[in-house]
Amino acid sequence: MVQNRILIVDDEAVTRKNLTRLFEREGFSVSSVSTGFEALERLRDSPYDLVITDLVMEDLDGLELLLNIKTRFPNIEVILITGYASIPTAISAVKKGAYHYLEKPIRPEETVHLARQAIEKKRLREQVEQLEALVEKDLNAPTLIGQSSGMVEVLKLIKQVAQVNCNVLITGESGTGKELAASMIHSFSQRRNNNFLAINCGGFAEELLANELFGHEKDAFTGASSARTGLLETASSGTLFLDEIGDMPSSMQAKLLRAIQEQEIIRVGGTHPVPIDVRIISATNQDLKKSLNSGGFRQDLFYRLNVVSVEIPPLRERKDDIPLLANYFLNRTAKRFHREVIGFSDGAMEALKNYYFPGNVRELENIIEHAVALTSDTTIQLKDLPPDLSELDIFSFDQSGNDVMTLKALEQNYIQWVLNRVGRNKTRAARLLGIDRSSLWRHLKGSEFED
Amino acid sequence: MSLKIMILSDSFHLRTEAIRYSIALAKRLDAVLVLLILLPFELTKKTPGSVNTVLKLQTRAADAIRQPISDMERSGVPVESTIRIGNPRSELLKFLAESGKFHSIVWGGGSDSINEKSHWTSNLEADVKYSVLVPFIKPEQESGRRSGRFSQQRRVRKE
Ligand SMILES: Nc1ncnc2c1ncn2[C@@H]1O[C@H](COP(=O)(O)OP(=O)(O)OP(=O)(O)O)[C@@H](O)[C@H]1O
Ligand SMILES: [Mg+2]
């Protein structure tokens, strides 16, 4: 891990010594200087993450130092130390880009906590900038963004599987980035200079889908005035993305299986087989294995498509990605609309991290785009986010495995949670839950938590 | 193709937070709303005037959802509604089979009824392949507001 580098600026030797000792004990790498001019010299010569400076100093004061740092080293965070009398100045400094201010006398815990937060913010911003640089370098390269352990695994798998010329099945809830993942696999593969074509198998009637996939000969049906190649043919040497594969009608499943096995297709109304060489990446947000058992999806086709499977976890199971994605969407939108919006208030970020996101990344993207358009601030505030994020709790019972809770269990958890919040006062809990005491008692009677 | 979000209830009452949340979610996902009211009713030979009862239930339900529907429409989200009377579980499964895919289902019915073991939604996840979302008002958001909402709920139920 990189060591956090702090520069302390204060004209009082005692403060410098105390702060240095405090941060060194916490494992930071610390330097200190006694004037603003010296500070600027240090910053020019070596890299720092954070400057903690006294506000009132001779020559160059903390505010002037801040402005200098923000123009010359915009990535370095600044925290000001101030006496009670200069708090208004400190507040205006925060508006000018300081991370925060600390009031004297200094409380060690608060100081270290704030410093950690400031550095974390700087690191996050740098990560987003790196990502943007990557994306900008190759505008056509699709990139799934994520740093959670779940996403790091997915990205590793995507890069590995891209090199192998096999069919891939991508699963994940709606909005988790399945299509993006598919185009990423294509762009990392040997086929990257050929076509990447996509079709939604759920969006077409059966005949139309056949026509799209296999093409048709002239006069194959009324209105077919000329021959047309299908996607399987056009995507040859490239990649074909079959979205919502679970919705493919069974007659079409048989035809697709044949095409994959024989590596050739016959156009609708045609007789001659046409050879194809296409990599198929399919996606579904259903549990295809379940459909195998119930006969909804052909097992033989499933194994042909699912040579390797990539499973993208829902956003609620990788909350670590939320700040990164949110900042990425914020920067992108701010740039697009030429708005000066640079980040999120703590409250806003907290609300985002706590939300359930049934619509996954697609929903987050939409929320951020709206917030950037709406805000009158340079940082997104809680009030710029949809009110339901802070006013409602979303519970869910879903079918994603055996470890799901029944609604009954969820309700029990909820009741216990409310009870804990009100110090297990049943009258208050019942009032909060909107039920009367006797029905609360009934709910509790069935549970092991009864008390 | 627009995504579809279902609001599901088994009573005349739709919880306000469920309506609010469905509207907000639909806006964010550019989805349309489908309101499904399932009124439990068992037709037996012995019940005299069953047809009348069914008709009455139908009318009452249609009256009860008029306001929520107009709220949804006013907020700019397209909404369709269906009232089914019978065994709620099988009516739901039939409806899902007829109507194709949904993005998610928001539970709009009462919050204590679903608690009971004998309730028709218990173990629903075995049959329905969607996650069912149940929005609650956060406890810290409460104070005062809740009592008003719930007295309103009681009034609706007593009618
Ligand atoms: N990890 C990610 N990084 C950046 N953008 C993402 C990420 N995941 C999803 N997105 C964005 O979210 C949106 C939805 O992604 P995508 O269409 O790939 O999802 P999907 O899984 O195919 O959804 P559906 O099942 O509804 O078709 C897109 O705009 C996509 O660019
Ligand atoms: Mg998709």
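In the text below, chain A, chain B and the rest are named by the order of the sequence lines, each starting its count at 1.
- Judged as a ring pair (Phe, Tyr, Trp, His ring centres under 6.0 Å), and not counting sequence neighbours, A:F241 has no contacts.
- A donor-acceptor contact shorter than 3.5 Å links the side chain of A:K178 to the backbone of A:G172.
- Atoms CD1 and CG, on A:I367 and A:L374 in that order, are 12.0 Å from each other to the nearest 0.5 Å.
- A salt bridge between B:R74 and B:D71 is present, with a side-chain N of the basic residue lying under 4.0 Å from a carboxylate O of the acidic one.
- Side-chain contact of B:D10 with B:H119: a donor-acceptor pair under 3.5 Å is present, judged by distance alone.
- The backbone N or O of A:F302 sits nowhere less than 3.5 Å from a side-chain atom of A:N306 that would complete a donor-acceptor pair.
- Chain B is approached within less than 4.5 Å, heavy atom to heavy atom, by A:P358, A:G359, A:R362, A:E363, A:N366 from residues 358-366 of chain A, ordered by number.
- With a 4.5 angstrom heavy-atom cutoff, A:Y355 touches chain B only via side-chain atoms.
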